[in-house]
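This structure is a prediction, so every number in the text was calculated from the model and none was measured. Just so you know, residue 1 is the first one in the sequence shown, and it goes up from there. Any value given below was found using the heavy atoms of this structure, including those in side chains, with hydrogens, waters and symmetry copies removed.
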Amino acid sequence: MIGDCEGRQTNPNYASELEMFEEVMDYEYDIQGWLEDCLDELDMREEHKALLKMCDKLLDMFGWPEYTGSDIKMRKAAIMAALGQKKESAEFCEKWLQKELENIVAAIAGVYAFIEVKAFEKAERSVERFIWDKSKCTDENNIMFMAASALYQVTGKKKEKKVIDKAMKEFEKYLKDYFESFEFEDEDEKFFDDELPF
């Protein structure tokens, strides 16, 4: 492990991406899992300054091809806003979106950041890029539906919010029914197992 770390010190491009670093370490350590746990712990403790510093450090230490590092970038945007850096958070999201226009995580982070600085038109453009039918909430866009609901709440668009909220409730019901069907199947299997004569 020491040799691998020294490799990074002598060559800045050595294992430039986090996944490459884990590969070099022969997956002996769950580095990504550990980092996620660490970020979650700081978030839970509301240690915002330490969390922002860690996000910045990670983003600086490794290369992040498009769509990777989205969770860290989203955390950074939220923490900046929580620390009162609302304008900086919105600017960060805007630059991120310019690079990754089709990244839904960037768009969601942008919606919340734009709401904070009252850039409602920008927020709505991000919503409309990923929600073509406000009556259909799916596994792919349900988090954007939550962001849209928050936006329409702030902007007073009651009609749009009602449609969005209804779609989310229908999706929640679909998920509930779906998972309950598996529970019933398990119970049926248990019942038939109990009936077997051997």
Side-chain angles (χ1 to χ4, degrees), residues 1-9 11-117 119 122-123 126-127 129-130 138-151 168 172 175:
M1 180 175 179
I2 294 171
D4 292 325
C5 291
E6 286 175 353
R8 187 71 190 276
Q9 288 172 356
N11 179 7
N13 294 320
Y14 180 84
S16 60
E17 295 171 24
L18 185 57
E19 287 184 6
M20 294 168 71
F21 195 71
E22 287 203 317
E23 186 177 339
V24 167
M25 305 293 286
D26 200 26
Y27 301 99
E28 187 176 353
Y29 308 95
D30 181 13
I31 299 170
Q32 292 193 62
W34 180 85
L35 287 171
E36 286 172 12
D37 289 344
C38 190
L39 290 167
D40 287 340
E41 185 71 19
L42 289 172
D43 202 0
M44 187 181 70
R45 294 182 181 182
E46 297 185 358
E47 295 183 22
H48 296 153
K49 289 183 180 179
L51 182 54
L52 180 58
K53 187 176 180 181
M54 187 172 177
C55 288
D56 282 336
K57 190 74 175 173
L58 287 169
L59 292 171
D60 287 341
M61 280 178 66
F62 298 100
W64 301 95
E66 285 190 359
Y67 305 107
T68 65
S70 291
D71 290 344
I72 296 172
K73 291 174 185 175
M74 189 171 188
R75 280 183 194 267
K76 177 176 176 174
I79 293 303
M80 289 170 78
L83 288 169
Q85 301 171 19
K86 296 178 181 180
K87 183 182 176 183
E88 293 85 348
S89 175
E91 289 172 352
F92 173 75
C93 289
E94 196 154 15
K95 288 177 183 176
W96 182 14
L97 278 166
Q98 285 171 1
K99 291 180 181 178
E100 301 177 23
L101 192 62
E102 300 305 316
N103 186 343
I104 191 170
V105 179
I108 292 164
V111 171
Y112 289 112
F114 298 145
I115 288 172
E116 290 290 342
V117 294
K122 289 181 181 178
S126 288
V127 167
R129 191 176 298 118
F130 290 93
T138 67
D139 191 45
E140 287 78 26
N141 65 16
N142 67 310
I143 302 176
M144 180 58 88
F145 266 73
M146 293 179 200
S149 180
L151 172 64
M168 284 196 294
E172 286 171 12
L175 285 180

For L35 and M54: C-alpha separation, side-chain torsions, deciding distance, then whether side chain to side chain contact (heavy atoms under 4.5 Å, CB included) applies.
CA-CA 10 Å; L35 287 171; M54 187 172 177; 3.7 Å; yes

Determine the sole option in L52, D56, L42 for which the side-chain contact (heavy atoms from CB on, under 4.5 Å) test with I79 is passed.
L52

Which of these passes side-chain contact (heavy atoms from CB on, under 4.5 Å) with K76: C55, C93, S89?
C55

Testing the basics here: between [X] and [Y], what is the closest heavy-atom pair and its distance to 0.1 Å?
{"X": "W96", "Y": "A109", "answer": "CZ3-CB, 3.8 Å"}
{"X": "I108", "Y": "A147", "answer": "CG2-CB, 4.4 Å"}
{"X": "I115", "Y": "A150", "answer": "CD1-C, 4.1 Å"}
{"X": "N141", "Y": "T138", "answer": "OD1-N, 2.7 Å"}
{"X": "A90", "Y": "F114", "answer": "O-CE2, 3.7 Å"}
{"X": "E100", "Y": "A106", "answer": "O-CB, 4.3 Å"}

Below 4.5 Å, heavy atoms only, C-beta onward: do [X] and [Y] meet side chain to side chain?
{"X": "D40", "Y": "R75", "result": "yes"}
{"X": "I104", "Y": "E140", "result": "no"}
{"X": "K73", "Y": "N103", "result": "no"}
{"X": "F130", "Y": "V111", "result": "no"}
{"X": "K87", "Y": "E91", "result": "yes"}

CA sep, side-chain torsions, deciding dist, call: V127, M144, side chain to side chain contact (heavy atoms under 4.5 Å, CB included):
CA-CA 7 Å; V127 167; M144 180 58 88; 4.1 Å; yes

Check this for me: L39, atom CG, are more than 12 non-hydrogen atoms of other residues, nucleotides or ligands nearer than 6.0 Å?
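Buried by this count: over 12 neighbours within 6.0 Å.
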
Stepwise side chain to side chain contact (heavy atoms under 4.5 Å, CB included) check, E41 with E47
CA-CA 9 Å; E41 185 71 19; E47 295 183 22; over 6 Å; no

